[in-house]
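First comes the structure, then the notes that go with it.
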Amino acid sequence: MKKILVLPGDGIGPEVMREARKVLDVVNDRFTLGLACEEALVGGSAIDATGHPLPEATLQKAREADAILLGAVGGPKWDKLDMALRPEKGLLGIRKALGLFGNLRPAILYPQLAGASSLRPEIVAGLDILIVRELTGGIYFGQPRGVRTLENGEREGFNTYVYSESEIRRIGKLAFELAQKRGKRVCSVDKANVLEVTVLWREIMEEVAKDFPDVQLSHMYVDNAAMQLVRAPKQFDVLVTGNMFGDILSDEAAMLTGSIGMLPSASLNEKGQGMYEPCHGSAPDIAGQGKANPLATILSVAMMLRYSLAAAAPADVIEAAVSKVLDQGLRTADIQSDGMTLVNTAAMGDAVVKAL
Ligand code: NAD
């Protein structure tokens with residue numbers, strides 16, 4: 001039996017999770033996957049119930065789970081709390097405790113939605129790239145950091161951009177393994193013309209590449225990568241990069257696809273344990289109105305089956321079902337266009353279940 005920890009979270013989190021659970025329950029039965037799901041509190045709802053965004057009971061269940069499925073956390077109700085007690089700390093706590101170092105952010109544009117992108121359809125239709133972002137190191141975590149006062153009284157802010165060889169090798173290996181299952185091309189993004197840490201990054205990527213002769217490695221400076229993503233995004237297969245560059249490029253790539261309501265993500269550790277979640281937040285502006293698009297969370301279920309539960313066949317079935325409902329012309333408000341049928345969150349979930 002495999003254990004799945006379900007964390008609906010806040011805002012639209014519980015709404016999209018309800019639909020994802022319907023889909024998961026059906027494939028669990030049909031493919032006799034033997035998955036046991038358990039729910040727990042995280043984020044704002046956990047603060048309300050226990051005073052902490054990541055209660056010990058939730059953390060314990062997260063450690064024991066084979067995979068975690070998360071909705072979203074946060075909302076204006078908790079914005080004024082002390083930094084250490086904000087809903088987002090719940091997610092950071094899980095990432096840290098489980099060592100989730102590899103963040104997978106696919107940017108896929110279903111041909112049916114090519115009109116939703118801000119780029120011309122011929123540039124983005126059929127887009128399928130995977131950004132692999134290092135998630136637990138780099139400048140977001142490097143020490144020393146802070147704001148200090150100089151002798152002349154002026155204040156100075158500083159952070160440290162640091163990566164060890166083993167951290168680079170670990171994320172590189174993950175990117176190459178993923179590329180082997182896709183288009184067999186890895187583009188490593190750095191700023192090796194300016195930053196020594198990324199000179200080392202480039203060197204280690206070259207070393208890792210030797211173990212993957214079937215995968216082609218290229219390098220690109222981050223400024224050029226930002227430009228190429230909007231100029232000719234289909235040139236990429238897998239992009240691998242550090243924490244900060246990955247943070248920025250993955251949001252840029254997300255926007256190529258038009259709606260954040262369509263994008264799943266995964267964060268993995270070395271044991272293949274992972275946390276799976278839609279890229280979007282808790283969308284307080286539409287929470288409780290049945291307007292949220294559940295497809296990103298449903299597609300996160302597919303990623304979970306593929307990457308943490310070695311169940312590629314049901315993952316394929318879910319992705320095909322999502323494509324089918326788009327073919328049928330069903331659209332939530334965020335991806336609505338002329339001539340398509342507007343549906344609410346539950347109707348979209350039900351349509352996917354029917355299409356499975
Ligand atoms: P957001 O992603 O919640 O919303 C941005 C916009 O996209 C909103 O207009 C929203 O209505 C829309 N949107 C988002 N998801 C959608 C969906 N599934 N279907 C249709 N429309 C959707 O980002 P935000 O407004 O910057 O943040 C809101 C809250 O979420 C904040 O508290 C923030 O901290 C939190 N947040 C959480 C996560 C997470 O849980 N991983 C990620 C980002 C933001």
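Remember, it's 1-based here, ligands and their atoms both numbered in the order they're listed.
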Does one side chain, of [X] or [Y], offer a donor that lies under 3.5 Å from an acceptor on the other?
| X | Y | result |
| --- | --- | --- |
| Q180 | D214 | yes |
| Q112 | S323 | yes |
| E134 | T136 | yes |
| Y276 | S308 | yes |
| D10 | W78 | no |
| D247 | Y140 | yes |

Which one holds for V73 and ligand 1: side chain close, backbone close, both close, or neither close, with close meaning a heavy atom under 4.0 Å?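 Both the backbone and the side chain of V73 come within reach of ligand 1.
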Axial cation check for F158 ring with R145, 6.0 Å and 45° limits: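 The answer is no; the distance or angle limit is not met.
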Identify, by atom number and element, the atoms of ligand 1 in contact range of A292, meaning under 4.0 Å from any of its heavy atoms. 19 (N)
Atoms of ligand 1 less than 4.0 Å from I260 heavy atoms? 7 (O), 14 (C)
List the closest protein heavy-atom neighbour of [atom]: residue, atom name, distance to the nearest 0.1 Å.
| atom | answer |
| --- | --- |
| atom 22 (C) of ligand 1 | I286 CD1, 4.0 Å |
| atom 19 (N) of ligand 1 | N293 N, 2.9 Å |
| atom 29 (C) of ligand 1 | S282 OG, 3.2 Å |
| atom 44 (C) of ligand 1 | G281 CA, 3.5 Å |
| atom 41 (N) of ligand 1 | E277 OE1, 3.1 Å |
| atom 33 (C) of ligand 1 | E88 OE2, 3.6 Å |
| atom 8 (C) of ligand 1 | D285 OD2, 3.4 Å |

Geometry only, no angles: is [X] polar-contacting ligand 1 at N/O separations under 3.5 Å?
| X | value |
| --- | --- |
| G74 | no |
| H280 | yes |
| G261 | no |
| K291 | no |

Using 4.0 Å as the upper bound for N to carboxylate O, is an ion pair formed by R86 and D79? no
Hey, are K184 and D237 close enough for a salt bridge, meaning a charged N less than 4.0 Å from a carboxylate O? no
Measure the distances from the heavy atoms of P284 to every atom of ligand 1 and state whether one is below 4.0 angstrom.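 Judged by the 4.0 Å heavy-atom criterion, P284 does count as contacting ligand 1.
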Tell me whether L91 reaches ligand 1 (any heavy atom closer than 4.0 angstrom to a ligand atom). yes
Hey, is atom 26 (O) of ligand 1 touched by any protein heavy atom at less than 4.0 Å? no
Can you confirm whether something in the protein, heavy atoms only, sits under 4.0 Å from atom 1 (P) of ligand 1?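 Looking at atom 1 (P) of ligand 1, one finds that a protein heavy atom does lie closer than 4.0 Å.
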How many angstroms lie between CZ in R63 and CG in L5, if you round to the nearest 0.5 Å? 12.5 Å
Return the CG to CD distance between L150 and E154, rounded to the nearest 0.5 Å.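 Reported value, rounded in 0.5 Å steps: 6.0 Å.
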Nearest to atom 3 (O) of ligand 1 by heavy atom, A72, G44, A283, G75: which?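 Considering heavy atoms of A72, G44, A283, G75, the nearest to atom 3 (O) of ligand 1 sits in A283.
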Best match, I12, D334, L7: closest heavy atom to atom 16 (C) of ligand 1: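 The option holding the nearest heavy atom is I12.
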Worked verdict on E206 versus R202 for salt bridge (Lys or Arg N to Asp or Glu O under 4.0 Å): CA-CA 6 Å; E206 288 287 345; R202 197 176 268 226; over 6 Å; no
